[in-house]
2 protein chains.
Amino acid sequence: MNAQSVTTHLRTLGHRISRAREAIIEIFSSTTKPLTAIDVLLTLEKVGLPVNKTTVYRELEFLLAQHLLQEVQIESGIIHYESAAQDHHHHLICQTCKQIVAVDPKEIEQGIDKLARRVRINEGFTISDHSLEFYGHCAHCQ
Amino acid sequence: MNAQSVTTHLRTLGHRISRAREAIIEIFSSTTKPLTAIDVLLTLEKVGLPVNKTTVYRELEFLLAQHLLQEVQIESGIIHYESAAQDHHHHLICQTCKQIVAVDPKEIEQGIDKLARRVRINEGFTISDHSLEFYGHCAHCQ
DNA sequence: GCACTATATGCAAACTAGTTGCGTTTGTCA
DNA sequence: TGACAAACGCAACTAGTTTGCATATAGTGC
């Protein structure tokens, strides 16, 4: 997710590029970590661009609708977002410091797809997506 | 999770078996579906044993601490609980009607363990658990 | 069966994440 | 530079969950 190309893309679709929107796009293009609305709010404050929480929630919803962000199902109770431009991947979540790291799942993906096919047959489900998270402790917190 | 043996176990640990506690244990031992606090509250009402929501939340916390229930990471925003006595498994979530079905993952588990080992080496993470959910549409909602 | 006491419960209020309505500001284009 | 719709801020609201405190009750000993 390149901030420059994203803003150009949005502009061609007729959307405005406000300072808040630009900053939020910049935040997500400079990290692969899943962020919450609160994370974004605090980051904007730190950067000297304080914004109302309503604006943050609406902007995340907007970027989601534009398929520039995607929701991540992680820790219960709080919605996390990450750039949608990343390759499909999974997460590694430290149960102590709560840091989240992306994992490239190439080798396992095939196995998941195989299971998904079998499940579809057995249960009558059509599977369109999946999420896989690993919980444990990072090098620091062991 | 056998309701009878659970209550006996709790009694030997010095915990009381109130009617609410007994009913909640009974609910979880008679289903494999992950339930929310609200689900439990409504079920208790239906059964003719209305209980305050605070009690439900405290009871779920208690059973979690006793390792008789476990949290399930599913749809964002609401905590789901299920019996901890079930074999390790994953979930199938219908994006339309929100119903949740358990999936026995035998064949895929090996692949996940393999990935987990590699990840541990690469990132310095120690992995103690994982969650895998499939999203799609059930036979009814297709 | 009765009294005692700590555990479990109910109620009300608070808290957190997220949402909505509405009036105001501002980015973009002519 | 002015017009106007998109984006914004504010305040109030909702849902899920938590907390403090006073009350009820399960389990123990008499």
Side-chain angles (χ1 to χ4, degrees), chain A residues 3-4 6-27 34-45 47-66 68-69 71-81 98, chain B residues 3-4 6-27 34-45 47-66 68-69 71-81 98:
Chain A
Q4 182 76 42
V6 166
T7 53
T8 308
H9 171 69
L10 288 177
R11 241 187 271 263
T12 63
L13 291 176
H15 299 291
R16 295 183 187 171
I17 306 303
S18 63
R19 285 193 300 163
R21 175 163 295 166
E22 193 165 26
I24 292 174
I25 290 169
E26 181 58 41
I27 288 169
L35 303 174
T36 65
I38 311 291
D39 292 334
V40 173
L41 197 70
L42 294 177
T43 306
L44 288 172
E45 266 173 26
V47 171
L49 207 126
V51 156
N52 191 277
K53 65 175 177 168
T54 307
T55 303
V56 172
Y57 281 108
R58 280 201 272 237
E59 197 55 35
L60 293 176
E61 192 184 353
F62 169 80
L63 294 172
L64 200 62
Q66 300 299 316
L68 296 168
L69 292 185
E71 284 191 26
V72 186
Q73 314 289 335
I74 303 186
E75 223 185 326
S76 56
I78 306 169
I79 306 175
H80 289 69
Y81 298 85
K98 308 294 178 195
Chain B
Q4 183 75 41
V6 166
T7 53
T8 308
H9 170 69
L10 287 177
R11 241 187 272 265
T12 63
L13 290 176
H15 299 290
R16 295 185 187 169
I17 307 302
S18 62
R19 285 193 301 163
R21 177 162 295 166
E22 193 165 26
I24 291 173
I25 290 168
E26 182 57 40
I27 288 169
L35 303 175
T36 66
I38 309 293
D39 292 334
V40 173
L41 195 70
L42 293 177
T43 306
L44 288 172
E45 267 172 25
V47 172
L49 207 127
V51 156
N52 191 276
K53 63 179 173 167
T54 307
T55 303
V56 173
Y57 282 108
R58 281 200 274 237
E59 197 54 36
L60 293 176
E61 194 185 353
F62 170 80
L63 295 173
L64 199 62
Q66 301 298 317
L68 296 169
L69 292 184
E71 285 190 25
V72 185
Q73 314 289 333
I74 304 184
E75 221 186 327
S76 55
I78 306 169
I79 306 175
H80 288 69
Y81 299 84
K98 310 294 178 195

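Keep in mind that this is a model prediction, so the values were computed, not measured. The sequence lines fix the lettering, A, B, ..., with proteins before strands; numbering per chain opens at 1. Computed over heavy atoms, backbone and side chain alike; hydrogens, waters and symmetry mates excluded.
- Remark: Lys53(A) NZ to Leu44(A) CG distance equals 15.0 Å, nearest 0.5 Å.
- Summarising the geometry, the separation between CG on Leu10(A) and P on dA6(D) is reported as 14 Å, rounded to the nearest angstrom.
- If you check every strand for non-hydrogen atoms under 4.0 Å, Thr54(A) touches a base.
- Here the straight-line distance linking atom CG of Leu35(B) with atom CD1 of Ile78(B) works out to 12.5 Å at 0.5 Å rounding.
- The CZ-C1' distance, from Arg58(B) to dC21(D), rounds to 10 Å in whole Å.
- When rounded to the nearest whole Å, the span between CG of Asn52(B) and P of dT23(D) equals 16 Å.
- Rounding to the nearest 0.5 Å places OH of Tyr81(A) at 13.5 Å from CG of Leu68(A).
- Residue Lys53(B) is the one, among Lys53(B) and Arg16(B), whose nearest nucleotide of DNA chain D lies closer to the 5' end (criterion: closest heavy atom).
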Show your reasoning for whether side chain to side chain contact (heavy atoms under 4.5 Å, CB included) applies to Leu64(A) and Leu60(A). CA-CA 6 Å; Leu64(A) 200 62; Leu60(A) 293 176; over 6 Å; no
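- You can see that DNA chain C meets the heavy atoms of chain A within a 4.0 Å-exclusive cut from dA17(C) to dT28(C), reading 5' to 3'.
- For Glu61(A), the CD atom is loosely surrounded, since the number of other residues' heavy atoms within 6.0 Å does not exceed 12.
- The line from NE2 of His80(A) to CD1 of Ile38(A) is 10.5 Å long, rounded to the nearest 0.5 Å.
- Shown here are the side-chain hydrogen bond (donor to acceptor under 3.5 Å, both in side chains) partners of Ser18(B), two or more places apart in sequence or in another chain: there are none.
- As a whole-Å value, the separation of Leu41(A) CG from dC10(D) P is 12 Å.
- Contact record, Pro34(A) with Asp39(A): O-OD2, 4.4 Å, taken as the closest heavy-atom pair.
- In this structure, Ile17(B) places its CD1 atom 14 Å from C1' of dT25(D), rounding to the nearest Å.
- Fit an axis to the five pairs at each end of the helix from dG1(C)-dC30(D) to dA30(C)-dT1(D) and the two axes sit 30° apart, to the nearest 10 degrees.
- Between the side chain of Arg21(B) and the backbone N or O of Arg16(B), at least one donor-acceptor pair lies under 3.5 Å.
- Protein atom CD of Glu61(B) is 9 Å distant from nucleotide atom C1' of dT18(D), rounded to whole Å.
- Computed from coordinates, the Leu13(B) CG to dG27(D) C1' distance equals 15 Å when rounded to whole Å.
- In this structure, Ile38(B) atom CD1 and dT18(D) atom P are separated by 12 Å, rounded to whole Å.
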